[in-house]
Structure formats: C-alpha cells, structure tokens
Amino acid sequence: MGRGKLRIYLGAAPGVGKTYAMLSEAHRRVERGTDCVVAFVEHHQRPRTEVMLHGLEQLPRMELEHRGAVFTEMDVDEVLRRAPAVALVDELAHTNVPGSRNDKRWQDVEELLAAGIDVVSTVNIQHLESLGDVVESITGVRQRETVPDEVVRRADQIELVDMSPPALRRRMAHGNIYKPDKVDAALSNYFRPGNLTALRELALLWVADRADEYLTEYRSEHRVSKIWGSRERIVVGLTGGPEGRTLIRRAARLAEKGAGGEVLAVYIARSDGLTSASPKELAVQRTLAEDLGGTFHHVVGDDIPAALLDFARGVNATQIVLGSSRRKTWQYVFGPGVGATVARESGPDLDVHIVTHEEVAKGRGLPVARGARLGRSRIIWGWAVGIGGPVVMALLLNTIDLGLANDMLLFLAVTVAAALLGGLLPALASAAFGSLLLNYFYTPPLHRLTVADPKNIVAIVVFVGVALSVASVVDLAARRTHQAARLRAESEILSFLAGSVLRGETSLEALLERVRETFGMESVALLERAGDVDPWTCAGSAGPSPAARPEDADVDMPVGDHTALALTGRVLPASDRRVLAAFAAQAVVVLDRQRLQFEADQAKELAEGNRIRTALLAAVSHDLRTPLAGIKAAVSSLRSDDVAWSDEDRAELLEGIEDGADRLDHLVGNLLDMSRLQTGTVTPLFREIDLDEVVPMALLGVPEGSVDLDIPESLPMVAVDSGLLERAVANLVENAVKYSPPDERVLVAASAMADRVEVRVVDRGPGVPDEAKDRIFAPFQRYGDAPRGTGVGLGLAVARGFAEAMGGTLNAEDTPGGGLTMVLTVRAVDHRPDLAARSAVAERQAS
C-alpha cells in the first residue's frame with residue numbers, strides 16, 4: 001500500500017471557513033461513494049459548522065486526564081483499525097494532551113499517511129514555524145502551537161480559504177466565530193483590520209510562492225525553456241557604473257504596474273577577474289535594490305549577453321532592463337554592444353528595455369585590473385635585457401661568425417629572457433631591436449637596412465613572429481603564475497575569515513589588526529553613524545592616527561548605508577578590494593556579535609539582580625519576620641501584668657528573645673555580606689595568621705559537642721583576612737551541623753598541600769548529587785526540602801564569595817561513606833612574596 005495523500009485548507013485567521021470547506025469536501029466525496037470519516041473535527045460550538053457534521057461518520061475520540069480535567073484527542077489506533085479511504089483531521093498544528101500517542105497532531109497525521117490513508121486537514125498561516133516571528137510582530141501574540149513548514153510544503157494539495165477582513169469582522173460581530181461575550185475583545189485586539197490585512201497578505205504570498213515552486217519544478221521536469229509570464233519578473237543588468245541606480249528605480253516602477261511584480265538586479269563579472277566594477281557603487285546599488293523590495297545577484301560569465309539571458313530565462317523573467325551604452329562612437333567598431341546583442345537574441349518571450357541616462361556615450365569609466373603586475377624591479381630588468389641584450393649580443397657575434405641561423409636563435413633567447421623578466425612590452429622591444437640588428441650586421445648586404453636574399457627576409461619575418469609568440473606565451477604564463485599565487489593568498493585569507501566565524505572569535509581589534517597587516521596599511525578604522533547626516537564615530541581601530549571619516553581615508557569600503565571600513569597608507573587596486581569587502585563584512589559581524597554579547601550580559605545581570613531582589617524581599621517578608629515575631633511575642637508576654645511568670649518561665653522567654661536576636665543578627669549579617677559581594681565592595685585586609693587563631697572563633701555559634709576540631713600546629717601560616725575567613729568557616733560549619741544527624745559530629749580539619757592550606761568541613765548528612773554541587777553555592781538556594789525557617793539560603797554563597805575575595809576556592813565533595821565535605825583552600829604565607837604590597841594597597845583602600 002502506498003503513502004496517502006494530504007490535502008490542506010489554509011486560512012489567514014480563525015473563522016475564515018477552513019473547517020466548513022473541509023466538511024463540504026467530505027460531503028462531496030461521500031456522495032461520490034468515497035469511504036470518508038471524521039477522525040477529529042472541532043466545531044467550537046459554531047452552529048453552521050456543527051450542522052455540516054451531520055451525515056458524516058465520526059470515529060470515537062480518546063479521553064485523557066490532565067491536571068484534574070478530562071480532554072479528548074484523536075484516537076490514532078481507532079483510525080488505523082477503521083482504515084478509511086479518507087480521514088478528516090482538523091487543526092494540524094494542535095499540541096496533544098500529555099499522555100497521547102504523539103506530541104503533535106501533525107505527527108498523528110504522518111502515521112495515517114504512512115498507513116495509506118488520505119488526510120484532509122486545516123491550518124492557519126500564523127501556525128507555520130517560519131512565520132512565528134513575523135506574526136508576533138504583527139499581532140503581538142506568540143503562537144505556541146506551530147507546525148514545521150516542510151510538513152505543509154509536502155502536502156499534495158494546498159487550498160487557500162480566503163475572506164476579506166471586513167467580511168471576517170462581520171462574521172465575528174454576528175457571533176458566528178466566538179461567543180458573544182468574547183466578540184468585543186477579539187475585534188479590538190487580534191481581529192483588528194490591520195492585523196487581518198497583514199495576515200491575509202502573508203497567506204496569499206505564501207501560497208503564491210508555493211505555486212511558483214510547483215511551476216519551477218514542472219518547468220524543470222518537463223524541460224520547458226520557454227518563458228511563461230505568470231508574473232512580471234524584471235531583470236536589471238548592471239555594469240557597476242552610476243547609471244545602475246537609474247535602472248533599478250525604473251525597473252521598480254515597471255514592477256509596480258503589474259500584480260506581484262519582482263525586480264532582480266544582476267551584475268555579471270568576468271570569470272578571469274580582468275575587469276571589475278566599483279565595489280562601493282555595487283554596494284549602494286545592492287542596498288537600493290533591496291530597499292525597493294528586489295534582490296541582488298552576482299553572476300560570473302565570460303559572455304555577458306549570454307550569461308544575462310541565461311539568468312533571465314532561469315528565473316522565468318518577462319522583462320530585461322538595460323542602460324544605453326556608455327561607449328563612444330568609435331568603440332562600436334569592436335562590436336554591437338551588450339544591449340543590442342541581448343535585444344537581438346532575447347526572442348519573443350523577453351521584452352528588453354533600453355533606458356537612457358546621463359552617462360550615455362561618455363565612455364566606460366570603469367576601473368580595469370590589467371592582470372597581475374610583475375613588480376617594478378622585474379620590469380626594469382626586463383627593459384634592460386630587452387634593449388641592452390641585443391646590443392651586447394651584437395658585439396659578441398661580431399667577433400665570432402656562427403652563421404645567420406645561430407645568430408637568430410641567440411637573439412631569440414635574449415627576447416625570451418626579456419619576456420621572462422619584464423613581460424610582453426620589453427620582449428616586443430627586444431624583438432624589434434634585435435631584428436634591426438640582425439638585418440644591419442648579419443644579413444647581406446651588411447651594414448645596410450636592406451635584404452638581398454628573399455630567403456633572409458622570410459627568416460627575419462619568422463624570427464619576429466616566433467619572438468612575439470614566445471614572448472606572449474611567456475608573459476601570459478608569468479602573469480597567470482602570479483595570479484595563481486595571489487588567488488592562493490586570497491583563499492588563505494578567506495579561509496582565515498571562515499575559520500574565525502566557526503571559532504566564534506569576537507575581538508574586533510584583532511581582526512582590524514589582521515586587515516592592517518594583510519594589506520600593509522598604516523591604520524584601519526571601522527566607522528559607523530546613525531543616519532545619513534549624523535557624524536561618523538569610530539567603533540574600533542588599529543594603527544596610529546586612524547581616519548575619522550571615510551572621505552579622509554585612502555581606501556574606504558562601505559558596508560551597508562551607515563558603516564564603512566576606512567584604511568590609510570596607500571590606494572588599493574580593485575583586485576584587493578574584493579578581499580577587503582570580505583574583511584569589512586566580517587568586521588561588522590564581529591561588532592554586532594560584541595554588542596549582542598554585551599546586551600546579553602547586561603540582561604543577565606539585570607535578571608540576576610531582579611532575582612536577588614525578589615528573593616531578598618521574600619526573605620524579609622518571612623525569614624526576618626519570624627524571629628521578630630518571636631521576640632515581640634516574648635517581650636509582650638514579659639511586660640504583661642495579667643500573668644505572674646515564674647523564674648523558669650521568665651528565663652525561657654528571655655532565652656527565646658536571645659535566640660531570636662542571634663538568628664536575626666545572623667540573617668541580617670548574611671544579607672549585608674551578600675549585598676557587599678554583589679556590589680564588589682569587599683576588600684580583604686591580608687594578615688599573616690595561624691588557622692588555630694581563627695577557626696575556633698568560628699565555632700562559637702554552634703552547639704557544644706557538635707564539632708570535632710583537628711588543626712595541626714605544624715601548619716604554615718596563611719595570608720587571609722581573618723574576619724572574612726571566620727565568617728566563611730562559620731557559615732560552612734553551621735550548614736554542616738544543620739544537615740548532620742543528631743548523633744553525628746561535624747569534623748573541621750586542616751592540612752597543607754604544596755603552596756596551599758585546605759580547611760575541610762565534613763558532615764554525615766544526606767549529601768548532594770554531583771549535578772547540584774555548584775547550584776548550592778548560588779544565592780537564595782536551599783537544597784532539597786529544607787524548610788523556609790532554616791535560613792534564606794545565603795550561607796554557602798557568602799562563604800564562596802569571601803573565599804574567592806581572598807584568592808582562595810570553595811568546593812563541595814562527597815564524604816566517603818555518605819555526606820558532604822566542603823573544601824576551603826587558601827594560600828600559604830611562604831609562597832606569597834607580594835603579601836606586604838597587597839596588604840598595603842588593601843589598607844589604603846580600606847582607609
């Protein structure tokens with residue numbers, strides 16, 4: 001059994017009649033004898049839709065309970081068991097209730113199609129995955145239920161159910177879509193005329209694009225080369241000259257006159273790179289074409305008219321817009337020009353518009369790269385060999401008689417040498433000068449510029465021809481070798497850029513320095529401005545005295561309308577500007593990435609601050625109020641004259657007040673410490689101390705007999721802030737005692753390891769899994785089901801903050817046999833030669 005076929009009714013908004021149209025299709029199929037069933041259709045209490053369900057077989061639904069409520073979903077197993085020819089499945093983008101066979105309804109539909117069942121379904125344009133951001137920007141509502149575009153694209157048939165916004169709003173007002181109590185809110189929010197018009201345009205354009213894809217696929221499969229003018233597609237041929245802007249605007253006006261007109265601007269470059277348009281002008285024209293709703297294309301081709309026509313036929317264009325030739329009158333002897341050739345070979349399907357402009361008959365005026373330059377020193381040596389070589393050879397041959405044939409070969413060798421060194425022109429000069437010397441010194445009659453023997457005339461002519469041919473070949477080979485080396489260097493540069501993108505490198509200064517080194521410039525600056533009349537600002541630079549404006553630079557490479565790369569030092573040839581354009585684009589990407597990262601970091605800091613403030617308010621509202629309430633109740637009881645308290649009761653109430661005050665002091669201390677850490681105002685005052693002077697002081701707040709202390713006297717002194725270390729150890733011990741079983745004592749031990757001293761706080765409590773060990777150090781975190789009365793969750797966060805402020809670390813490890821061990825590490829004194837200097841700085845900061 002083959003795969004079933006999918007038919008989708010697509011709408012712009014709820015209520016346009018997708019389900020109604022689907023049910024109407026079902027009735028027509030049933031009348032034709034097709035086995036058609038309703039697998040799942042939701043009528044949403046719309047009377048007309050509910051009436052259409054009458055007379056159709058409806059399969060039972062599956063009931064699922066979720067969060068105390070019962071929901072119904074399509075029973076895929078029942079549909080597969082029934083195995084109809086056609087199944088109606090409404091709302092393709094629907095998310096199934098947890099516990100269903102699949103997460104999404106479109107996945108249920110895929111199973112039915114795989115079983116050979118044809119499916120008719122519905123979906124709204126706002127539920128397509130790729131249009132989520134666009135729909136949100138229009139309506140302000142983010143669609144949570146989406147279907148992948150590819151699922152809808154693969155449908156065998158897509159039918160648009162369309163309705164004008166006024167008609168849809170009338171249906172809404174009449175109560176045919178939503179209940180009366182929801183009509184006013186819907187009309188004033190989602191169903192506003194502007195929203196509906198934009199959604200309708202999205203649906204129409206999406207369906208039109210799918211139809212265009214089907215047409216292109218059909219033309220390709222059936223090898224249809226003839227242009228079908230289903231819509232106006234206008235191709236603009238650009239040369240890179242200033243007249244391109246005029247052509248683009250004219251093409252845009254032509255496109256506006258037809259329904260669905262489209263403008264495609266194309267620049268065709270020679271494959272050998274011997275001609276090149278202005279990159280700055282092309283960038284401006286690209287921006288103009290995109291601003292007018294068109295697209296810009298860069299095509300490589302040696303035969304420009306043929307490449308332009310191939311492109312136009314490939315995109316099924318109907319018109320081509322070209323500018324009048326910039327050739328001067330005498331230049332037409334070299335050929336009819338691109339415009340005349342395109343008009344002649346376009347055929348009856350393509351209209352060619354020749355547009356006049358201000359640059360007509362003013363000459364090409366385009367920069368021409370004359371191939372790879374051989375270098376000044378090589379050219380000088382080439383001319384020296386080309387002119388001086390024949391003279392030296394003549395002087396040598398005057399002393400030796402080798403015969404005319406050998407003389408010609410030696411002069412030919414000099415010409416080849418001139419070509420190898422200096423290129424074509426020195427070789428031509430060598431061939432001409434050498435032929436004159438051969439005629440004057442070695443061809444009878446001697447010392448006269450005449451030739452007596454006709455055979456010698458042929459020999460000289462052959463010599464000149466061979467010399468010119470060899471010189472041309474050698475010159476071309478030398479230039480191609482130089483070009484290959486240059487292209488290899490360009491490919492390495494572009495490979496570096498691609499690698500930097502893949503590696504995620506975000507240093508703008510490093511990239512600009514690479515640009516400066518690559519092109520041998522004095523300085524490079526990335527300039528930007530907010531608008532056309534706003535001043536330029538420097539986003540980043542490399543080298544001394546960067547240009548403040550693109551006009552002040554020797555080379556400027558625009559990137560968009562308001563960004564440019566400005567270089568000073570020398571003027572670059574057109575061939576170098578191609579690579580520079582890639583660098584400029586990458587620089588803008590790096591700049592945008594840096595700014596996005598900065599904004600993300602700021603947003604993260606704001607979110608963290610908001611979270612801490614929220615948790616702080618929660619702590620103040622509960623954890624701080626609890627001891628205050630206990631203190632107030634005890635004080636009120638003691639001051640009451642209605643009860644005669646015994647000495648034991650009075651002592652118990654006073655003890656409660658003391659305990660509440662201690663707890664309140666501890667909570668406020670942690671909150672203040674956390675605020676100091678968050679604002680970066682913790683400045684350690686380093687002192688050389690022994691651990692046995694500080695650690696015992698940190699145990700004063702825990703019950704007696706709950707901690708075992710093991711601090712060897714042989715430990716080296718440590719460089720810490722005694723107050724910060726005491727608070728950190730106190731918080732660790734308090735946390736360990738809190739989670740340890742009543743009959744288990746907490747162990748506080750210290751040991752020396754290399755240049756560090758470790759303080760280990762070991763408990764036998766429930767422990768913490770590996771994935772939560774870092775999370776317990778975050779502010780306002782309580783692990784597991786710790787009650788709110790146990791604190792605000794700042795003890796470990798404050799302890800780690802103090803440890804890091806002193807240059808140490810605090811980490812959590814598993815206790816062998818069960819439990820958690822906190823490892824606080826600080827530096828030993830013997831390995832801190834800069835202790836005095838740091839302490840002095842800290843004292844000055846503290847004062």
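These numbers were taken from a predicted model, which means no experiment stands behind them. Just so you know, residue 1 is the first one in the sequence shown, and it goes up from there.
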Closest non-hydrogen atom pair between L113 and K5, with its separation: CD2-O, 3.6 Å

Greater than 12 external heavy atoms within 6.0 Å of R61's CZ: yes

Lys/Arg cation over aromatic F40: R105, 6.0 Å, 45° cone: yes

Atom CZ of R144: over 12 foreign heavy atoms under 6.0 Å: no

Gap separating the CH2 atom of W106 from the OG1 atom of T146, nearest 0.5 angstrom: 9.5 Å

Side-chain (H353) to main-chain (I320) donor-acceptor, under 3.5 angstrom: no

Contact check, side chains of R29 and V86, non-hydrogen atoms, under 4.5 Å: yes

Atom of L160, atom of A203 and distance for their closest heavy-atom approach: CD1-CB, 4.0 Å

E110 bridged to R3 by N-O distance under 4.0 Å: yes

Worked verdict on D75 versus L59 for side-chain contact (heavy atoms from CB on, under 4.5 Å): CA-CA 8 Å; D75 193 338; L59 298 182; over 6 Å; no

Criterion side-chain contact (heavy atoms from CB on, under 4.5 Å) on H27 and M52, from CA distance to verdict: CA-CA 8 Å; H27 281 286; M52 293 297 295; 3.6 Å; yes

Side-chain donor/acceptor of T34 to backbone N/O of V30, under 3.5 Å: no

Q107 (side chain) donor-acceptor with D103 (main chain) under 3.5 angstrom: yes

Minimal non-hydrogen separation, L196 against A13, with atom names: CD2-CB, 4.0 Å

Close side-chain approach of R245 to Q285, heavy-atom, < 4.5 Å: yes

Pairwise side-chain contact, V37 with L88, heavy-atom cut-off 4.5 Å (strictly under): no

Any donor-acceptor N/O pair, R313 side chain to L350 backbone, under 3.5 Å: no

Student check: side-chain heavy atoms of W206 and D149 closer than 4.5 Å: yes

Stepwise salt bridge (charged side-chain N to carboxylate O under 4.0 Å, His left out) check, E78 with R81: CA-CA 5 Å; E78 178 63 23; R81 186 197 60 77; 2.4 Å; yes

side-chain contact (heavy atoms from CB on, under 4.5 Å) assessment of V236 paired with L238: CA-CA 6 Å; V236 183; L238 302 177; 3.8 Å; yes

Nearest atoms (heavy-atom pairs only) where S324 meets T356: OG-CA, 3.6 Å

Where P165 and R200 come nearest, the two heavy atoms and their spacing: CD-NH1, 3.8 Å

Close side-chain approach of V89 and V120, heavy atoms under 4.5 Å: no

For T95 against K104, the heavy-atom pair lying closest together: OG1-NZ, 2.7 Å

Nearest-0.5 Å distance that lies between atom CG in L202 and atom CG in L128: 9.5 Å

N124 side-chain N/O to H127 backbone N/O, donor-acceptor pair under 3.5 Å: no

Greater than 12 external heavy atoms within 6.0 Å of E63's CD: no

For residues 595-602, which side-chain donor-acceptor pairs fall under 3.5 Å, sequence neighbours excluded?
{"unit_1": "R595", "atom_1": "NH1", "unit_2": "E528", "atom_2": "OE1", "d": "3.1"}
{"unit_1": "R595", "atom_1": "NH1", "unit_2": "E528", "atom_2": "OE2", "d": "3.4"}
{"unit_1": "R595", "atom_1": "NH2", "unit_2": "E528", "atom_2": "OE1", "d": "3.4"}
{"unit_1": "R595", "atom_1": "NH2", "unit_2": "E528", "atom_2": "OE2", "d": "2.1"}
{"unit_1": "Q597", "atom_1": "NE2", "unit_2": "D601", "atom_2": "OD1", "d": "3.0"}

Student check: side-chain heavy atoms of L254 and Q319 closer than 4.5 Å: yes

Salt bridge flag under 4.0 Å for residues R101 and D77: yes

Nearest-0.5 Å distance, NZ of residue K18 to CG of residue L10: 8.5 Å

Check: S121 side chain, D90 main-chain N or O, donor-acceptor pair, under 3.5 Å: no

Separation of I354 CD1 from L247 CG (nearest 0.5 Å): 9.5 Å

Step-by-step side-chain hydrogen bond (donor to acceptor under 3.5 Å, both in side chains) determination, N96 to D108: CA-CA 10 Å; N96 293 329; D108 297 336; 3.0 Å; yes

Donor-acceptor contact present, side-chain H66 to main-chain V97, <3.5 Å: no

Interatomic spacing from CD in Q143 to CD1 in I125 - rounded to 0.5 Å: 11.5 Å

Close side-chain approach of E42 and E91, heavy atoms under 4.5 Å: yes

Residues in salt bridge (Lys or Arg N to Asp or Glu O under 4.0 Å) contact with R7, at least two apart in sequence or another chain: E25, E159

Test item: L53 and V41 side chains (from C-beta on) under 4.5 Å apart, heavy atoms: yes

side-chain contact (heavy atoms from CB on, under 4.5 Å) between L64 and E73, worked out: CA-CA 8 Å; L64 295 170; E73 295 288 357; 4.3 Å; yes

Near-ring test F311/H297, centroid separation under 6.0 angstrom: yes

Salt bridge flag under 4.0 Å for residues R82 and D35: yes

CZ-OG1 distance between R48 and T19, expressed to the nearest 0.5 angstrom: 14.5 Å

